[in-house]
Q: 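I have a structure here, written as structure tokens, and I will follow up with some questions on it.
Counting convention: from 1, in listed order, for ligands and their atoms alike. This structure is a prediction, so every number in the text was calculated from the model and none was measured.
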Amino acid sequence: MNDLIYKAETTHALNIDELTALLDASEYDEALFAAADRVRKKYVGDAVHLRGLIEFSNICRCFCMYCGLRCENKNAERYRLTEDEIVETARKAAEAGYRTIVLQSGEDAWFSAERMSSVIRRVKAFDVAVTLSVGERPFEDYKAFKDAGADRYLLRIETSDKALYESVHPHMSFENRVRCLKDLKTLGYEVGTGCLVGLPHQTSRHLAKDILFFKEIEADMIGIGPYIPHPQTPLRNEKGGDLIQAVKVMALTRLLLPTINIPATTAMETLAPNGQAKALQSGANVIMPNVTDPSVRKKYEIYPGKTPANPAEDARKETIGKILSLGRTIGTGFGGRIKAHSG
Ligand code: 5AD
């Protein structure tokens, strides 16, 4: 196993059997995390980039079996911020120092290409990078968003195994999800994808395949989180993912894609109070504090326990404190994917 870790650290290439073997072993986890931490330091440095996350609508047409925002969850209290509210939230975040604003929502058709483009144009006026995370759209919408100034797009593949994908995403197709990621690449976005760890019937081989998929699709950012069962979903009685396994998938992703951006995800922090710190020391170099107004924040309940209800300013201060205490620095600039290579 130590040879495999050494190979990953020096060549950034492992095959599916090697990745699976590392995911199945447990005695080498700390060595794996330390290797991912060194690769992170060597390629993307000590800076941690902060992104201000605005969850602007929890209205969603999808049926994802694991997600609390799924359209069949009648208990979810739905909200949709107005264009002015979104822009005002972004303005405050930019003023507080964020250089990237992430606009995330459920798949809410009210935000047509035109409406979305108007929001993007207004947010771009604050001299920030804009990341969108609004789901599957036709090529033309992605093009309109790009023309309006959007820089990056997040769309997790969730799982790269077609059968597993379709088992947890009724009325969706794996091919369309991949089509979206390819369209986004073609249009020149920095593309973020990622997966859930601990889905029912998911094996370590599936996860190994996910990591190879990230490489194949040439992702610029990868977000990985443990699956956390939500009581108002069909998968309420499932076991859910394990923090360490999620951090391992993340660490292996850093070893194989050394120059990408990797967030320490909120779902990791939800499972353990030091989850994000662990992630930052195992390959991650990004954190996305929530800057959504606390009055609606609790309603964006993708999974239970997600939302510390503290206001945006406190979340930012707390996050900065955590980063500095780990001996890291706060990223200045937009913190896009570094272009320089490689070694
Ligand atoms: N547990 C953890 N993550 C979840 N997501 C959705 N539902 C859950 C859950 N129950 C993740 C998905 C999605 C992202 C916005 O949130 O991976 O892409």
Q: Would you check whether Gly240 reaches within less than 4.0 Å of ligand 1, judged by its heavy atoms?
A: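 Contact check Gly240 vs ligand 1: negative.
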
Q: Heavy-atom distance under 4.5 Å between the side chains of Lys248 and Leu22, does that happen here?
A: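 Lys248 does not reach Leu22 side chain to side chain.
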
Q: Classify the ring geometry between Phe174 and Tyr165 as parallel (under 30°), tilted (30 to 60°) or perpendicular (over 60°).
A: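 Because their plane-to-plane angle is over 60°, the rings of Phe174 and Tyr165 count as perpendicular.
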
Q: Quick one: does Arg316's side chain get under 4.5 Å of Pro289's, heavy atoms only?
A: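 No, their side chains stay 4.5 Å or more apart.
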
Q: To check your reading of the model: name the closest protein heavy atom to atom 13 (C) of ligand 1, its residue, and the distance in Å.
A: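 Checked against all protein heavy atoms, atom 13 (C) of ligand 1 sits closest to Glu158 OE2, 3.4 Å.
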
Q: Could you tell me whether Pro229 approaches ligand 1 through its side chain, its backbone, both or neither, with non-hydrogen atoms closer than 4.0 Å?
A: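 It is neither; nothing of Pro229 touches ligand 1.
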
Q: Given side-chain contact (heavy atoms from CB on, under 4.5 Å), test Val191 with Leu155 step by step and report yes or no.
A: CA-CA 8 Å; Val191 175; Leu155 184 75; over 6 Å; no

Q: Mark yes when over 12 heavy atoms from residues, nucleotides or ligands other than Lys143 sit less than 6.0 Å from its NZ; otherwise mark no.
A: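 No, not enclosed.
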
Q: Using a distance-only test with no angle check, is there a side-chain donor-acceptor pair under 3.5 angstrom linking Ser118 and Glu83?
A: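 Yes, Glu83 and Ser118 have a side-chain donor paired with an acceptor closer than 3.5 Å.
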
Q: When you compare ligand 1 with Tyr227, is there at least one nitrogen or oxygen pair between them that comes in under 3.5 angstrom?
A: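 No; the residue has no nitrogen or oxygen that sits under 3.5 Å from a nitrogen or oxygen of the ligand.
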
Q: For ligand 1, find out whether one of its N or O atoms is nearer than 3.5 Å to an N or O atom of Gln104.
A: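 By distance alone, the answer is no.
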
Q: Between Tyr303 and ligand 1, is there a nitrogen or oxygen pair with a distance under 3.5 Å?
A: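 Looking only at distances, the answer is no, because the N/O contact criterion of under 3.5 Å is not met.
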
Q: Using non-hydrogen atoms of the residue, decide whether His230 is closer than 4.0 angstrom to ligand 1.
A: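 Heavy atoms of His230 never come under 4.0 Å of ligand 1.
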
Q: Under the ring pair (Phe, Tyr, Trp, His ring centres under 6.0 Å) criterion, do Phe111 and Phe56 qualify, and how do the steps go?
A: CA-CA 10 Å; Phe111 285 97; Phe56 65 89; 4.8 Å; yes

Q: Considering only the protein, which heavy-atom contact is closest to atom 11 (C) of ligand 1, and what is its distance?
A: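 Going by distance alone, atom 11 (C) of ligand 1 is nearest to Arg156 NH1, 3.7 Å.
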
Q: Taking Leu154 as the fixed residue, which of Arg51, Met288, Glu190 is the one that meets the side chain to side chain contact (heavy atoms under 4.5 Å, CB included) rule?
A: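 Of all the options given, the one that passes is Met288.
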
Q: Taking 4.0 angstrom as the limit and counting only heavy atoms of Leu196, give me the atoms of ligand 1 inside it, by number and element.
A: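 Those qualifying, in numeric order: 2 (C), 3 (N), 4 (C), 17 (O).
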
Q: Nearest to atom 2 (C) of ligand 1, what protein heavy atom do you find, and at what distance?
A: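 The protein heavy atom lying closest is Pro226 O, 3.3 Å.
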
Q: Where does Ala267 meet ligand 1, judged by heavy-atom distances below 4.0 Å: at the side chain, the backbone, both, or neither?
A: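 Ala267 to ligand 1: no contact under 4.0 Å from either part.
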
Q: Measure the distance from atom 8 (C) of ligand 1 to every protein heavy atom, then report the residue, atom name and distance (to 0.1 Å) of the closest one.
A: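 I find the closest protein heavy atom is Ile302 CG2, 3.4 Å.
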
Q: Judging by distance only, is a nitrogen or oxygen of Ile228 under 3.5 angstrom from one on ligand 1?
A: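 Ile228 vs ligand 1: N/O contact under 3.5 Å present.
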
Q: Side chains of Asn285 and Asn261: any donor to acceptor distance under 3.5 Å?
A: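 There is such a pair (donor and acceptor under 3.5 Å, judged by atom type) between the side chains of Asn261 and Asn285.
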
